[in-house]
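All values derive from a computational prediction rather than experimental measurement. So that the names make sense, note that chain A is the first sequence line, chain B the second, and so on, each numbered from 1.
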Amino acid sequence: MPPERFYVTTPIYYVSGTPHVGSVYTTVMADVFARFHRMLGIPTFFLTGTDEHGEKAQLAAEARGISPAALCDEYSAVFRSLFARYGVSNDDFIRTTEPRHERTVARVLGRMHAQGDLYRASYEGFYCTRCETFFTDQAVRDAGDACPEQPVLHGKIQRLSETNWFFRTSKYAPELARRIEAGEMEIVPARRRQEVLGLLRDVQDLCVSRHRSRVSWGIPLPFDPEYVCYVWIDALFNYRTATGYLDDDAARRADDAAWWAHATHLIGKDILKHHTVLWGTFLLAMGEPLPRREFIHGWLLDERGLKVSKTQLAGAPAARTPGAEELLAVVGRDAARYALVTAMRGAEDAPFSWNLLRERLDAELANGFGNSVNRVVRMIHQSCGGRFPGLDVNSDVNADVNADVNVRAKVDAGARAAAVREAALAVPAAVRRLPDILDVHEVLGAVRAGVQEISLFLDEEKPWKAAKDPANLPRVGATLATALEALRLLSLGLHAVCPEKMAEFRAVLGLGAEPCFEPESRWGLLAAGAPLGQPPGLFPRFDDAKFAAAVPDAAPGAG
RNA sequence: GGGCCCGUAGCUCAGUCGGUCAGAGCAGGGGACUCAUAAUCCCUUGGUCCCUGGUUCGAGUCCAGGCGGGCCUACCA
């Protein structure tokens, strides 16, 4: 039973610097999940956005002599533009500086305060402005020491004593642990669950404010305007603001509750604690259910994370991490999306280099699916007048198998055709399982296996050879029809990852850009006699010239 | 310092309850084919499953310790 709704979120990204390719990874993964669900006809809401408050944005704005709001407008637009060019189909883009969100957070803070979940306390410690965090006396000895996290970038830390507002994390942690153990919130992959339970055994109350003399770019505490809200309550409740939590309009509130019951958060492993311990206790304090599911992925590793490879391929480009913009410029939108989605398996850290993605894109997209489409469509133009030959002919061929002398060969061919059909149907089957297990690799693995099966089939049937004798044309047509119909089914598995290219392919078949999963997931959709478009060059092989132009400091394929 | 995770062929990774588990893809080598994007198909070379002990009839698989890498975290539970 597919869920009746799907609400998927990415973290909101902090407005500083150029977007990291890891942020694009998370966002593209969320987009792929969203597109699969939409294809299955499941109502889907996909949210991403930017996190805009805090000292860093404030200081960056001061340094440039502009207002924090202007700075946020600028950076937020950078993210929005990049995501758009990656084909990200988010339904909403939230900014924490929007009035709708500031209102939600103020209401949350007000209620927490009224319930006694927030209290004042003072503490003293070493503080790094750039990290916006306090460090222990053990990590740092004197004011004036360098920041232990980023000694060069962040420079010196300072001694600070502050009175602040704290949230009673410890009050709700045991209940949160019970609920996670009961499975109210699913943590994927499952091994992360015990990590979360471990974190919950040792929690501290959380500082949720900063004095406005130091940080003014934030949401004021409604009950103590001398302070602004510090990061996590502000950031995490974005997931509820967008759907209408605590809205004045009852219909909006009902809508929010309906979406929230099916929420899936995508996050990187670095913010696991914030999205489980903090977010979970905030929600419990508000009397709200936990998110349905959290999907935690690892990192894309740069060359520092890679073991130095002893066996660099001769002349191949150096293994440096592609940036978000370079990747798009070199391989194009859909291939870039495919490279990201296939980079990380099992949500485990994975190296991400030009060499690796080049090998994968050439093997799986160019030589695999792309080449298969090209050869089949071309042969239909050459041998069948550019019209879909029809699958019924195929069954005739299989039926008269026993009448022929060359029985074994034809039986084998029939079995091969059946194998092609089965392999093709495995793709929509994997797509149907995706909402349950969020396993894109199962789907893409089925696509690769399908391509392989088609290659074997064509190699066995040799339609290019058979077509030389007109008497063989029915069989040639049946072979090509089987292959093309299989490719159509495989494209359903690729659609969420490479939507533009699959739309091009579908146009060749005379189908609309967006697939309708029912009935398209069934075998035998294409009608005999339907005219086909010209073969599309779906996925060209890795382009050295483009690479050299976009990434001048790494020499590709020289030699 | 503490918690957790990872360490399997040159590269990226599968290995479910301990019993063909020593595998796949890519890369490398040889052959075939020629419809196709120097493509595809067949065959093939590679491994101390990080190390050391232990449990067991039997361990990538479980246990202990160590080494290496990672994430989080802490004014020593």
Side-chain angles (χ1 to χ4, degrees), chain A residues 123-126 133-141 148-149 189-204 267-277 296-299 301 304-314 316 319 342-353 355-384 416 441-442 444-445 448-449 451-468 476 479-480 483 535-543:
Chain A
Y123 70 114
E124 180 178 344
F126 295 108
T133 50
F134 280 88
F135 288 98
T136 62
D137 291 9
Q138 189 174 317
V140 185
R141 295 244 163 70
E149 290 291 319
R191 67 189 146 72
R192 293 280 180 196
R193 207 174 77 127
Q194 55 183 309
E195 193 173 341
V196 172
L197 292 172
L199 292 172
L200 279 168
R201 280 192 287 273
D202 184 30
V203 298
Q204 274 185 292
I267 58 167
K269 65 180 182 180
D270 52 319
I271 48 175
L272 175 65
K273 179 184 166 184
H274 311 97
H275 279 73
T276 54
V277 176
I296 296 100
H297 66 250
W299 290 104
L301 301 177
R304 290 177 313 169
L306 271 174
K307 283 177 275 182
V308 178
S309 177
K310 301 148 281 189
T311 54
Q312 185 74 257
L313 286 169
T342 54
M344 202 181 294
R345 295 174 155 212
E348 209 59 65
D349 288 359
F352 190 59
S353 69
N355 271 342
L356 287 169
L357 73 88
R358 167 188 210 147
E359 286 171 10
R360 213 180 296 117
L361 293 178
D362 279 352
E364 298 176 11
L365 291 184
N367 299 350
F369 188 85
N371 181 244
S372 195
V373 166
N374 195 42
R375 67 196 296 209
V376 170
V377 173
R378 270 179 194 278
M379 276 192 279
I380 290 176
H381 278 283
Q382 286 161 15
S383 304
C384 309
R416 193 64 93 177
H441 301 290
E442 190 197 359
L444 297 180
R448 288 196 300 273
V451 169
Q452 166 87 1
E453 204 60 56
I454 291 165
S455 278
L456 289 170
F457 178 56
L458 294 175
D459 194 61
E460 199 83 20
E461 287 290 296
K462 298 183 173 48
W464 54 90
K465 202 169 180 178
K468 288 173 183 166
V476 167
T479 299
L480 296 176
L538 290 180
F539 299 108
R541 290 170 60 82
F542 193 92
D543 190 327

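Phosphate contact (OP1/OP2 of rU37(B), side-chain N/O of Arg378(A), threshold under 4.0 Å): present. Neither OP1 nor OP2 of rU40(B) sits under 4.0 Å from any side-chain N or O of Gln452(A). Taking 4.0 angstrom as the limit, Asn355(A) places none of its side-chain polar atoms (N or O) nearer than this to OP1 or OP2 of rC11(B).
Under 4.0 Å is where a charged nitrogen must lie from a carboxylate oxygen, and between Glu461(A) and Arg416(A) no such pair does.
Backbone-only engagement by Leu456(A) is indicated by non-hydrogen atom pairs under 4.0 Å involving sugar-phosphate atoms exclusively. No contact: Glu364(A) has no heavy atom under 4.0 Å from any strand. Residue Gly370(A) is in base contact, counting any heavy-atom pair closer than 4.0 Å across all strands shown. Residue contacts shown for Asn371(A) include a base, since a base heavy atom lies under 4.0 Å away.
Of the nucleotides present, rU12(B) is the one that pairs with rA24(B) by Watson-Crick or G-U wobble criteria, both distances under 3.5 Å. With a 3.5 Å ceiling on both atom-pair distances, the Watson-Crick or G-U wobble partner of rG68(B) is rC6(B).
Mapping Ile271(A) and Arg375(A) onto RNA chain B by nearest heavy atom places Arg375(A) at the nucleotide closer to the 5' end. Between Glu195(A) and Val376(A), it is Glu195(A) whose nearest contact on RNA chain B lies nearer the 5' terminus.
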